[in-house]
Structure formats: structure tokens, C-alpha cells
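Just below is one structure, and these are the notes that go with it.
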Amino acid sequence: MPFIPHTEEDLRAMLKCIGVRDLASLFEDIPPQFKPKSFALPEGLSEMETCEHFERLAARNKELAACFLGAGFYDHHIPKAVDALAGRSEFVTAYTPYQAESSQGTLQAIFEYQTAMTRLFEMDCANASVYDGGSALFEAAMMAVRWTKRCKLVVDEALNPIWRGMLNSYTASLGLDIVTVPHNNGRSDIDALKKAVGMTEEADSARPWEEIEDAGDATPLPGKHENCAAVLVQNPNFFGIAQDFSTLFAHAKNYGALSVISAYPVMQAVLKTPGEMGADVAVADGQALGMPLSFGGPYLGIMTCKKELIRQFPGRIAGRTHDMDGKTGYVLTLQAREQHIRRAKATSNICSNQALCALRSLVHLCLLGPRGLVRSAELGMERAREAAARLCGLPGVQLLNDAPFGNEFAVRLPSDAAIPAERCARRGCVPGLPLGRYYPAMRDVLLVACTEKTTSRQIDLLVEEMRAAL
């Protein structure tokens with residue numbers, strides 16, 4: 001039985017109050033096979049013995065010679081100054097900045113982070129972050145549902161399946177209609193997305209879809225088909241393909257739907273930005289900006305939007321103002337959380353934020369500067385093209401399609417991609433992500449990512465190991 005700091009009399013009184021016989025009765029709903037067999041624990045170790053034990057465990061880790069995994073999470077170079085500055089005690093130990101007068105440093109850092117994000121994505125506003133890319137996508141979808149008072153979400157199948165899974169999970173009990181539009185051999189099918197946004201089975205049959213030629217000229221059809229709250233896409237998409245969604249977003253606007261795009265922050269330095277495309281909400285996972293992979297977190301959910309949607313934003317927004325003496329000051333504003341307003345009016349139940357992770361992203365961006373961020377993106381793209389060309393020189397290996405890609409690409413192999421991937425991993429080289437787990441019809445496809453840290457020597461190793469594995 002676990003340790004509980006109460007006397008026997010305390011326990012009997014509490015059990016009697018709630019009407020159960022003993023502590024074991026509280027766990028009757030747990031099937032026997034899932035209950036612990038015992039709570040017998042070994043004797044405690046000294047500090048030196050504990051350190052030695054964990055050093056032995058750490059020594060069992062196999063050091064990889066090369067890793068080409070991506071799929072939304074990337075091994076970018078992080079300047080040492082990021083750890084040095086973000087690791088300062090005044091940042092690490094700072095709590096939620098409820099009292100503005102004693103939290104000026106934290107509030108200013110959040111405000112500067114918001115400013116950096118709006119400039120990076122060329123959007124009007126940013127919030128003080130949410131947990132990760134998947135939760136940011138969900139929050140953006142809920143912004144659209146509240147704004148439009150509609151219940152249909154059109155989702156591109158080429159959007160990261162991990163985040164789509166989170167979206168499906170979070171919305172499972174909300175009565176929303178999620179329409180997933182299949183990709184076209186790795187490409188986002190813009191025509192099919194337009195059709196899903198603008199028409200349903202209840203649309204007027206006298207106006208077939210083929211008659212609507214261009215998104216900018218499309219006229220909303222009368223009737224129940226205008227039920228789409230938002231269209232959700234990603235750029236570059238899960239397969240690494242870069243596309244321009246401007247016409248799709250214009251089409252969605254014509255039908256009163258919002259446009260939500262999940263973007264790769266580093267690639268925003270060289271690609272057409274969400275703001276340029278006309279997106280209403282742009283989100284991202286900020287892991288690529290100053291955060292190590294860390295076995296899956298903590299990461300950062302970036303959220304930006306147009307000004308008219310700012311009151312639909314979840315979480316915190318920091319603002320800059322002046323005090324009675326005219327001095328610059330920073331405050332929290334538009335806090336649409338259930339801690340601050342009536343629960344029915346709250347836009348989110350997020351009660352914390354990733355401020356320390358946001359600070360890391362801000363420091364990282366400031367250290368790189370515009371030129372450094374562009375160079376990081378360009379180097380990743382250069383290495384990806386080198387790797388793609390070399391891999392496609394192997395028998396039976398070819399690119400998934402001829403679409404433009406960023407620092408990530410997909411290749412078809414002459415066998416189930418999981419088999420050579422496992423063989424390579426056993427030899428210290430992870431060649432990428434086999435896609436059969438997420439796309440059963442693409443079991444022979446391998447997703448390969450490169451960053452500015454990828455070297456020509458590692459690409460040589462990738463090609464050698466893949467040749468042997470195939």
C-alpha cells in the first residue's frame with residue numbers, strides 16, 4: 001500500500017465518510033491484470049551509488065552516427081548563448097506574471113517574443129504561446145468555430161498526422177464534423193480542399209462545382225452548404241512539399257470560412273509567409289527555434305492571427321503601455337481564460353504557458369538574426385537536395401513526386417521502408433521515418449529530413465547503409 005501521511009483513525013474516519021470499507025475498495029474498478037502485484041521496493045541507495053547506477057544506465061545508450069528523422073521535430077543547431085541566457089535563475093524560477101509591477105522582465109520578454117513571431121509569420125498578433133504544435137492547431141480550430149459559429153473543419157491529409165490525431169482527440173466530444181481531404185501523392189490537393197470548403201451534398205445541384213473556376217471569383221452558394229468553419233493546411237506539408245495556398249485561402253474567405261495554416265518556423269525565412277498567403281490564423285511548433293529534441297519535449301506552440309480575431313485567442317497576450325509618469329511598462333491584456341472571466345466566456349482552459357520555451361525561441365531568433373535564419377533554412381535545403389540526389393542513385397529508389405520541397409523529402413523504396421530503416425538504425429544511422437504507420441498505403445515510403453547540422457559525411461553514411469540494407 002502506498003505511503004499516506006495519516007493515522008489509522010484518520011483513515012477510518014475518511015473511509016466512513018465516503019462510504020467504503022477500505023482503501024482497496026477505491027480501486028475496484030481497475031481490472032486485476034492492471035493492478036500492481038506488489039509495492040515491494042528495493043532498499044534506498046546512497047548518493048554515490050545512485051549516480052553510479054544512472055551512469056551505468058546511460059552507458060547502455062547507443063550513440064547515433066547520423067539521424068535523418070524529422071516529421072515536425074528537427075535537430076537544429078542551438079547556440080550556447082541560448083542555454084546561458086534562458087538558464088538564468090530569474091527566468092528559470094519566474095512564475096506566471098500575475099503581478100505586472102513585479103514581473104516587468106518576464107512580461108517584456110513575452111512581448112518581444114510576440115513581436116518576433118508576428119514579424120516571422122507576417123501576421124498582426126501573437127499570443128504568449130501554448131504547449132506544442134498540435135495544441136496550437138486545436139486552439140486555432142476552436143477560434144474558427146467560435147468566430148463562424150459553424151461546426152465543419154476541412155483538414156488536409158498532408159497535415160502532420162500526429163497533430164491531426166491530437167485534433168481528433170481534443171474535439172471528440174464537441175460534435176464537430178472533421179472532413180479529411182486526401183493528399184495527391186504527397187501534394188496537398190488544393191482543388192479538393194476548395195470543393196470541401198465550398199460545397200456539400202446539400203449544395204444546389206444546378207451549380208456544379210466545375211462551373212466555379214477561380215477562388216477569387218467564387219460566389220457563395222445559398223443554402224446549408226455554407227457550414228465550414230475553417231480549412232486547415234500545413235506548409236511545408238508533412239511530406240516536406242512547399243505549396244502556395246493563397247487561392248485556397250481566398251476561396252475560403254468567399255465562403256465565410258477561416259484559413260488556418262501550420263508552418264515550419266525556420267522555413268518562413270525563405271518561403272511565402274502565412275500573412276502573404278492571406279491566412280487568418282498561423283500556428284507552428286516552435287521546437288525548431290532553440291529547443292533540443294529532449295525525447296519529445298517540452299516544446300512550444302506558436303500562435304498568430306489577424307487583428308480582428310484577437311479576442312478569440314487562448315492563453316495570454318502581453319501589451320506595452322505607459323505608467324502615470326510616462327515610463328514604458330508591460331502588462332497582461334485580453335486574458336480570455338476561465339481564471340479571469342466567467343467560465344462560459346473563456347476561450348481556453350489553458351492555465352499556464354510555455355514562457356521559458358518562448359524565451360528560448362526569442363533568444364535563438366535574436367542570435368541568428370534575419371541572415372542567420374535564412375542561412376539555416378538554405379543549408380537544410382542544400383543538404384536535403386544532396387541527400388535526395390544520392391539516395392535516388394540507388395537501384396529502385398525514387399522521389400515520391402517532382403514537387404518543390406524544403407529541407408525534408410519523401411522517397412519510394414523497392415521494399416517496405418520499415419525493414420531497411422530498422423537495419424540501418426541497428427548500425428547507428430537512422431535514415432528517416434517509414435510512413436506506413438501513418439499512411440498504410442505508403443508502406444514503401446521513407447521521409448528524410450536534413451538540417452544545417454547534417455554533414456556530407458553523414459549523407460555518405462546514409463547512402464552506404466541504405467545500399468547495404470536494400
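Side chains are part of it too, since the values below use all heavy atoms of this structure and drop only hydrogens, waters and symmetry mates. The model shown is predicted, which means the values in this text are computed figures rather than measured ones.
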Do [X] and [Y] come close enough that some side-chain heavy atom pair is under 4.5 Å?
X    : Y    : result
M117 : L289 : yes
V448 : L391 : yes
L309 : L258 : yes
L447 : F409 : no
C424 : M466 : yes
N185 : L400 : yes
L446 : P431 : yes
E422 : R426 : yes

How long is the span from the [atom1] atom in [X] to the [atom2] atom in [Y], to the nearest 0.5 Å?
X    : Y    : atom1 : atom2 : answer
T454 : R383 : OG1   : CZ    : 7.0 Å
R316 : N127 : CZ    : CG    : 10.5 Å
L271 : E276 : CG    : CD    : 10.0 Å
R385 : I459 : CZ    : CD1   : 12.0 Å
L153 : M142 : CG    : CE    : 8.0 Å
I310 : M143 : CD1   : CE    : 9.0 Å

Next item on the list: Mind running side-chain contact (heavy atoms from CB on, under 4.5 Å) on V231 and L248 for me, showing each step along the way?
Entry: CA-CA 9 Å; V231 56; L248 172 64; 4.0 Å; yes
Determine the minimum heavy-atom distance between [X] and [Y], stating which atoms define it.
X    : Y    : result
I162 : N160 : N-OD1, 2.9 Å
R360 : P292 : NH2-CD, 3.9 Å
F121 : Q268 : CE2-CG, 3.7 Å
A318 : I110 : CB-CG2, 3.7 Å

Could you tell me whether [X] and [Y] have a side-chain N and a carboxylate O separated by less than 4.0 Å?
X    : Y    : result
R375 : E378 : yes
K272 : E122 : no
R88  : D83  : no
R390 : D460 : yes

Checklist line | Y170/E139 under side-chain hydrogen bond (donor to acceptor under 3.5 Å, both in side chains): CA gap, chis, key distance, verdict | finding: CA-CA 10 Å; Y170 288 162; E139 294 289 358; over 6 Å; no
Using a cut-off of 6.0 Å, state whether more than 12 heavy atoms not belonging to [X] lie near its atom [atom1].
X    : atom1 : result
R371 : CZ    : no
R412 : CZ    : yes
E90  : CD    : yes
R187 : CZ    : yes
R437 : CZ    : no

Check: Taking it one step at a time, do D191 and K195 satisfy side-chain contact (heavy atoms from CB on, under 4.5 Å)?
Finding: CA-CA 6 Å; D191 287 338; K195 187 172 183 178; over 6 Å; no
Note to self: Determine whether D75 and T451 satisfy the following criterion, side-chain hydrogen bond (donor to acceptor under 3.5 Å, both in side chains), listing intermediate values before the conclusion.
What the structure shows: CA-CA 7 Å; D75 186 21; T451 69; 5.8 Å; no
Notebook entry, point to check: Can you list the steps and then say if M166 with L137 is a side-chain contact (heavy atoms from CB on, under 4.5 Å)?
Noted result: CA-CA 9 Å; M166 294 174 67; L137 188 73; over 6 Å; no
Hey, does the side chain of [X] reach the backbone of [Y] with a donor-acceptor pair shorter than 3.5 angstrom?
X    : Y    : answer
D124 : K306 : no
D280 : S259 : yes
T455 : Q458 : yes
T106 : S103 : no
D244 : S246 : yes
N237 : G186 : yes
Y131 : P298 : no
E452 : H76  : no
E408 : A71  : yes
T148 : R150 : yes

Next item on the list: In sequence, state the C-alpha distance, the side-chain angles, and the governing distance for D285 and Y264, and then conclude on side-chain hydrogen bond (donor to acceptor under 3.5 Å, both in side chains).
Entry: CA-CA 7 Å; D285 195 303; Y264 182 5; over 6 Å; no
Classify the angle between the aromatic ring planes of [X] and [Y] as parallel (below 30°), tilted (30 to 60°) or perpendicular (above 60°).
X    : Y    : result
F111 : Y330 : tilted
H183 : F239 : tilted
F249 : F245 : parallel

Margin query: Under the side-chain contact (heavy atoms from CB on, under 4.5 Å) test against Y74, which residue among L293, V266, N407 passes?
Written below: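 Checked L293, V266, N407 against Y74; only one passes side-chain contact (heavy atoms from CB on, under 4.5 Å): N407.
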Next item on the list: Could you check T304 against C125 for side-chain contact (heavy atoms from CB on, under 4.5 Å), going step by step and ending with a plain yes or no?
Entry: CA-CA 5 Å; T304 63; C125 309; over 6 Å; no
Item checked: side-chain hydrogen bond (donor to acceptor under 3.5 Å, both in side chains) assessment of R146 paired with Q312 -> CA-CA 8 Å; R146 289 191 299 269; Q312 301 299 326; 3.0 Å; yes
Next item on the list: Tell me whether the guanidinium CZ or amine NZ of R164 lies under 6.0 angstrom from the six-membered ring centre of Y438 and within 45° of its axis.
Entry: no
